[in-house]
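A note on names: the letters A, B, ... follow the listed sequences, proteins ahead of strands, and every chain is numbered from 1.
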Amino acid sequence: MIGDSEMSDRIERERIIRLNANKRRKGIFVLYWMQASQRASCNHALEYAIDSANEKSEPLLVFFGIYSKYPAANARHFRFMLEGLAETQRELAERGIRLIVRACSPDEGAIELAKQASLVVTDRAYMRLPRQWRARVASSIDCPLVQVETNVVVPVEEVSHREEYAARTIRPKIGKLLERYMVPLHERIPKRNSMSLDFESLDISNPDRTIDALGIERNVPPVDIYRGGTSEARERLRHFLTEKLARYPFCRNDPNAGCTSDMSPYLHFGQISPLEVALAVSKIRSPASDEYLEELLVRRELAINYVYYNENYDSFEGLPGWAKKTLRIHSKDTREYIYSDSDFEMARTHDPYWNAAEKEMILTGKMHNYMRMYWGKKILEWSRSPEEAFSLAIRLNDKYELDGRDPNGYAGVAWCFGKHDRPWRERPIFGLVRWMDSSGLKRKFDADLYVYDIEKLWAEKR
DNA sequence: ATCGGCTCGCGCAA
DNA sequence: TGCGCGAAGCCGAT
């Protein structure tokens with residue numbers, strides 16, 4: 001596909017990819033089909049759409065399709081998303097841009113609205129389903145579909161043309177491109193106001209009412225701890241930078257310390273831009289900010305590289321050869337414990353630390369990173385086979401985590417099975433895959449305090 | 001408390 | 001072709 005920069009002097013041309021060969025035509029508006037980047041600020045796709053609209057003095061209409069059947073999504077995810085979307089709608093309105101929201105498969109909605117558009121702009125997610133949607137829209141509409149990368153700091157294909165092996169192989173590739181791509185995005189206002197365009201749109205001012213109206217599953221309840229939206233994300237970022245970052249290197253692996261940034265749900269729904277976070281953090285020059293940028297830029301964009309280039313990102317098959325081989329050799333090893341899916345899901349194992357991690361996820365929608373590793377390793381250890389373990393870990397992660405169904409989640413689970421890691425001393429069940437044990441948790445932090453706190457929360461909520 | 005060994009494959013130097 | 005080294009590991013020796 002061809003890069004296209006003629007319309008935007010402020011967006012790096014590598015972020016822009018035409019997904020079909022259609023020519024721009026006369027239309028009533030430029031359409032920004034918003035999907036992955038649900039925000040009004042620091043959004044390259046939105047800014048590109050504004051430039052495109054201004055160029056021909058057309059108004060800009062933004063469309064978001066709410067797909068109530070999105071795999072593994074439930075009321076927890078939808079409420080968080082809707083809270084953010086309502087704020088984004090208000091923010092866009094202040095710039096004279098109308099955001100319409102419809103309950104439909106997003107590709108269907110985009111195809112319908114594209115009939116009246118001169119040009120369609122969209123943002124970018126890397127999972128199977130949104131990629132299918134974009135492909136379908138590209139071939140079904142009569143005007144151009146232009147994809148603008150705003151979900152990563154360095155565009156995926158610029159970093160590498162293939163699946164990277166580990167953090168150490170992608171780190172220098174990202175590092176040398178940061179100078180070019182880690183630059184602020186200046187925002188503009190459309191020449192023509194689109195607020196008066198008369199299009200049917202869902203009222204999303206009350207998320208719970210919308211959830212009921214859409215008939216979305218309430219089997220996993222929303223959480224109160226994390227409220228969706230760009231302003232909430234920014235407030236958390238500010239708090240992280242002023243109160244937590246300095247001690248981040250010493251306490252980030254301690255679930256009791258409460259010193260994580262908690263950006264992942266906001267990044268997952270695109271409510272805050274990774275570029276905005278990176279620029280804010282990098283203003284503080286310290287070893288601590290470098291350590292955080294490693295997470296945000298190297299680990300996060302490695303996870304995206306994995307999902308983008310590995311079609312089996314959510315199954316055992318996606319693992320590296322050595323890991324699959326060694327896990328298969330040991331798949332018949334005797335397991336001291338074997339739990340059913342519901343034993344795991346209901347936190348009914350013999351291990352209080354594992355149960356606490358599971359309960360933290362169920363209650364809060366976010367398990368501490370360090371416990372996520374232990375949690376995944378033990379599912380592997382206590383399942384009938386590594387294939388079943390992998391698929392259960394993905395299912396639980398997608399269902400309960402606010403940041404589930406995200407490249408980070410898939411790469412995180414895969415890491416527990418050897419992805420992006422190296423081999424270690426061979427042992428039963430795990431083979432050469434790194435093993436973890438609860439004695440390690442106790443060595444590194446007060447694991448019993450963690451259990452105590454989670455059990456207390458569990459008792460309060462039940 | 002600290003440290004080497006475990007083990008595979010990438011990427012660079014030669 | 002050889003060599004160093006790697007996301008969070010554990011284990012056993014000192």
Side-chain angles (χ1 to χ4, degrees), chain A residues 159-176 247-257 259-261 264 287-307 309-310 318-330 333 336 351 353-354 357 360 366-382 386 389 393 397 406-447 450:
Chain A
V159 172
S160 173
H161 287 287
R162 59 184 173 86
E163 184 179 356
E164 289 294 320
Y165 187 78
R168 73 187 154 85
T169 65
I170 205 173
R171 188 177 295 113
K173 298 179 183 181
I174 290 174
K176 73 173 188 214
R247 57 195 170 95
Y248 185 71
F250 316 103
C251 65
R252 69 197 189 88
N253 283 336
D254 180 352
N256 300 317
C259 76
T260 52
S261 70
S264 64
S289 63
D290 288 347
E291 209 161 306
Y292 184 77
L293 289 171
E294 164 80 10
E295 303 295 316
L296 180 71
L297 301 177
V298 178
R299 310 293 170 187
R300 179 171 182 273
E301 301 197 1
L302 174 64
I304 289 169
N305 169 280
Y306 166 57
V307 164
Y309 288 112
N310 190 326
L319 296 173
W322 69 267
K324 279 191 282 199
K325 185 176 159 202
T326 193
L327 288 170
R328 281 191 180 123
I329 288 170
H330 289 272
D333 291 359
E336 193 177 351
D351 178 350
Y353 310 107
W354 194 93
E360 181 186 21
K366 203 164 170 298
M367 192 193 303
H368 190 277
N369 266 339
Y370 196 80
M371 293 308 293
R372 285 195 201 202
M373 297 187 280
Y374 180 75
W375 176 86
K377 293 286 184 188
K378 291 303 177 190
I379 295 178
L380 169 57
E381 185 172 348
W382 304 327
N397 188 73
D406 186 273
N408 273 325
Y410 298 117
V413 168
W415 180 86
C416 297
F417 292 72
K419 184 76 199 173
H420 297 153
D421 202 10
R422 62 167 156 145
W424 300 87
R425 172 177 281 149
E426 191 159 22
R427 56 173 299 123
I429 306 171
F430 286 80
L432 300 170
V433 171
R434 183 197 301 256
W435 185 62
M436 286 177 80
D437 184 66
S438 61
S439 60
L441 303 180
K442 287 184 253 191
R443 212 165 29 239
K444 286 170 188 90
F445 63 92
D446 189 344
Y450 173 72

Listed pairs under 3.5 Å, donor-acceptor, residues 424-431 of chain A side chains, sequence neighbours left out:
| residue | atom | partner | partner atom | Å |
| --- | --- | --- | --- | --- |
| A:W424 | NE1 | A:R422 | O | 3.0 |
| A:E426 | OE2 | A:H330 | NE2 | 2.8 |

Determine the interatomic distance between [atom1] on [N] and the same-named atom on [M]; round to the nearest Å.
N      : M      : atom1 : result
B:dG11 : C:dA8  : C1'   : 23 Å
B:dG4  : C:dG4  : P     : 15 Å
C:dC5  : B:dA14 : P     : 14 Å
C:dG6  : B:dC3  : P     : 16 Å

Among all residues two or more places apart in sequence or in another chain, which pass the salt bridge (Lys or Arg N to Asp or Glu O under 4.0 Å) test with [X]?
X      : result
A:K419 : A:E163
A:R300 : none
A:D421 : A:R434
A:K173 : A:E164

Sugar-phosphate, base or nothing in reach of A:A167, heavy atoms under 4.0 Å: sugar-phosphate
Geometric class of the A:Y450/A:F445 ring pair [parallel <30°, tilted 30-60°, perpendicular >60°]: perpendicular
Any residue of residues 407-429 of chain A with a heavy atom less than 4.0 Å from an atom of DNA chain B: A:P423, A:W424, A:R425
Non-neighbouring partners of A:Y292 that pass ring pair (Phe, Tyr, Trp, His ring centres under 6.0 Å), sequence neighbours left out: A:F240, A:Y248
A:H420: partners by ring pair (Phe, Tyr, Trp, His ring centres under 6.0 Å), with sequence neighbours left out: A:Y306
Counterpart residues, side-chain hydrogen bond (donor to acceptor under 3.5 Å, both in side chains), relative to A:N397 (two or more places apart): none
Range-with-range stems for DNA chain C, at least three Watson-Crick or G-U pairs under 3.5 Å: B:1-6 with C:9-14, B:8-13 with C:1-6
Contact boundaries on DNA chain B for chain A, cut-off under 4.0 Å to non-hydrogen atoms: B:dG5 to B:dG11
Close approaches to DNA chain C from residues 297-305 of chain A, in residue order (heavy atom, under 4.0 Å): A:R299
Spacing of A:R168 atom CZ relative to C:dA7 atom P, expressed in whole Å: 7 Å
Phosphate contact (C:dA8 OP1 or OP2) by A:R434 side-chain N/O below 4.0 Å: yes
